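Quick caveat, the model's predicted, so the values are computed rather than measured. All chains are named by letter (A, B, ...) in the order of the sequence lines, taking the proteins before the strands, and each is independently numbered beginning at 1.
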Amino acid sequence: MSLRILVGCKRVIDYAVKIRVKPDKSGVITEGVKHSMNPFDEIAIEEAVRMKEKKIAKEIVAFSCGPTQCQETLRTALAMGADRGIHVEVSGPEYETLQPLHISKMLAKLAKDEQIDLIIVGKQAIDDDCNQTAQMTAALLDWPQATSASKIEAKDGSLQVVREIDGGLETIKVKLPSVVSADLRLNEPRYATLPNIMKAKKKPIKKLAPKDLGVDVSPRIQVVTVEEPPVRQAGAKVENVDAVIEKLKALGHA
Amino acid sequence: MGSMAQSSGFWLMKFAKFQQARNASILTSLPETHELLRKTCRDFAEGELKPNASRFDKEHLYPKDQILKMGEIGLMGIVVPETLGGAGLDYLAYAVAMEEISRGCASAGVIMSAHNSLYLGPILKHGNDQQKRDWIQPFVNGDKIGCFALSEPGNGSDAGAASTTAVASSDGGWKLNGTKAWITNGYESEATVVFATTDKSLKHKGISAFVVPKPTPGLSLGKKEDKLGIRGSSTCNLIFEDCSIPKENMLGKPGYGFKIAMGTLDGGRVGIAAQALGIGQAALDCAVDYASKRKAFGQSITKLQSIQNKIADMALQLESARLLTWRAAVLQDEGKIFIKEAAMAKLAASEAATFISHQAIQILGGMGYVSDMPAERHYRDARITEIYEGTSEIQRLVIAGNVLKEYGV
């Protein structure tokens, strides 16, 4: 097999940052805040690189949609082993209201234009937690999908994927081309080595506008308000289980 | 003919402007490659070093697995050319990497620094092709490390008074006798660069440099020193008793040992300055994190002026030292003389590290004094940076000497 893999890499606020809501409640503060690649997308890139090392894949294309700084996210993907990058530039208010559906349309168009055999994305982004992009992309392309993957094995033109589902683990077989979304236990992403960081400098990043892919990024939603979660209230202690049930009943929870 | 001369001048000017732009911009941000490098080192330090640093310190443990992983990333041969298996990066990259690694664990930092600057450094600069193949190529993966043996029980700063001797043998080789002290990586290293007197009458011009494999008959190790800090790194004496080495093992020309040692230490200063920056940064991180959560007199202590004054002073010293360190590294990359700048960087960074870690304990109060928080470890780790690779007193002599020379007085 020599697959061409397209990997989606979203630039998100770093997981370790303490999120703060803007005073006007229109969103969260992103200015001057540390951003990184969505951790699930790092896992997706790592899986693609491992498939290339096993000679199952021949080329890895990294994709990111957003402002200019997405180039940094793509450079990280290149330093991990992707061959080239595609940056679709969207910024300002249109970026604030970008939805999985917009991204899915871009991925679907790129899959056709670049003759992609496999799309791997993180199962969800840690900022919006949508868990929709893989599913929508597969539907737009009419390709099979294998979401929340914790193990991927390539076998003669199809993939055997172990999925993490509510009840446990489900193993399915999907024909290629297909869309897979990466779950936490799929792999442990590598540290970019110094030689690869040096090589990444020479790898190309193509810049496109949404209209080049025929995608309209005008907003489909309007953010009404963004608020912090309520402050955690103090708990209460009771003597025994019966008292717990009494208390729950009194508060209308049982 | 005339137009060719003009165009080459034109390109020279363009290049000079590019260099100027690159260097001026160091003041505000790092080049992209260095940012990527910083990220990989920071992620590694957070994931592999920080969670284990306390254990390495308490149990006096060499971080073997972590050094191997650092080797895989390319950190155990950062400026070694790719033809010899290294990463082929520059000294600015070395400084950035050293700071991030040391921020996670100061012991891992010194192991990396001693290996890169003090062992690989002199062999890279003064070794012949065979020596580079034998002593550099197998030593860039993190599985084999080296050390540097200059100091003796009787002389540290006074390096010219080396009493370890190398007497010529009948087969053209050398026999070494003497004791070297305070050797970082003494236990784990599989080779050492050692300085010995080949001709006592020439005083410091009679010292030569050698590479000695470990283990080797006639070379034994003293006890592992029980140090205040950087306890994950082994420090011991190297004892030479009629230790025979072949003639191919002399590094550089006879009598050039002192010059090689001083040049090596100049280069090592940027690495140690960066290590001190990492320790200082870790201490500052710890102090600010604690202060943001601690309340006194009804508010977070970050609102108190006393605490704010300390944080300002700590951050100022750190940032100043960092700029000096990066400048010395860039001068080194440009092949310019950087002796004064390296001494300034090492002095500033080491004094910043001890100041910051001292204030960090103060900000944490009682919590700074117990091992539950890393502040006490940073305080202990920082202290050595003012001593090794040239004491603060020696750095002042170097700086003063160069400044006076500049004034022509």
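- Counting heavy atoms of neighbouring residues, nucleotides and ligands inside a 6.0 Å radius, atom CZ of A:F40 exceeds 12 of them.
- The environment of CZ in B:R294 is sparse: at most 12 heavy-atom neighbours from other residues, nucleotides or ligands sit within 6.0 Å.
- The environment of CD in A:E53 is crowded: more than 12 heavy-atom neighbours from other residues, nucleotides or ligands sit within 6.0 Å.
- Note: A:I197 CD1 to B:L37 CG = 5.5 Å, rounded to the nearest 0.5 Å.
- By the neighbour-count criterion of 12 heavy atoms within 6.0 Å, atom NZ of B:K132 is densely surrounded, having more than that number from other residues, nucleotides or ligands.
- With chain A as partner, the option from B:E82, B:E72, B:E35, B:E32 having the largest number of non-hydrogen pairs under 4.5 angstrom is B:E32.
- For a residue to count as touching a neighbouring chain, one of its non-hydrogen atoms must lie under 4.5 Å from one of that chain's; by this rule B:K69 does not touch chain A.
- Within the 4.5 Å cutoff, the side chain of B:L36 has heavy atoms near those of the A:R75 side chain.
- By the neighbour-count criterion of 12 heavy atoms within 6.0 Å, atom NZ of B:K303 is sparsely surrounded, having that number or fewer from other residues, nucleotides or ligands.
- Taken to the nearest 0.5 Å, the NZ atom of B:K39 stands 10.5 Å off from the OH atom of A:Y191.
- Contacts between B:E48 and chain A at a heavy-atom distance below 4.5 Å involve backbone atoms as well as side-chain atoms.
- The nearest pair of heavy atoms linking B:G74 to A:L194 is O-CD2, 3.6 Å.
- In terms of modelled atom types and a separation under 3.5 Å, the side chain of B:T40 and the main chain of A:A192 share a donor-acceptor contact.
- Under a cut-off of 6.0 angstrom, the local environment of NZ in A:K151 is sparse, with at most 12 non-hydrogen atoms contributed by other residues, nucleotides or ligands.
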